[in-house]
Amino acid sequence: MHDAGSVRTGWSQAERTRLAALLQAAAADICPFTQIPPPVAGVRWVLPQLVGEVRSPPAPAPDASATPPRTGYATTSPPTT
């Protein structure tokens, strides 16, 4: 696994609350990455148990948001590296 940076989500408060509970259950004391990324205040590590799915829209205009919409996440599929 490797660090891919950060993204914005546009999730509702209910989705953020649900995801926070799933991430809390997967909390880890050590970084799961093979190359440890630079430290960031407030970062909490989690075990790679959730699988996220995003839909990539066509390339946006230079002045448009490039955040792809999330289509879902699951705990039933094993993550791939």
Sub-4.5 Å side-chain heavy-atom contact between L50 and L23: yes
hydrophobic_cluster_shared for V43 and F33, side chain cutoff 4.5 Å: yes
Exceeds 12 heavy-atom contacts within 6.0 angstrom, atom CD of Q13: yes
Separation between CH2 of W45 and CD1 of I30, rounded to the nearest 0.5 Å: 10.5 Å
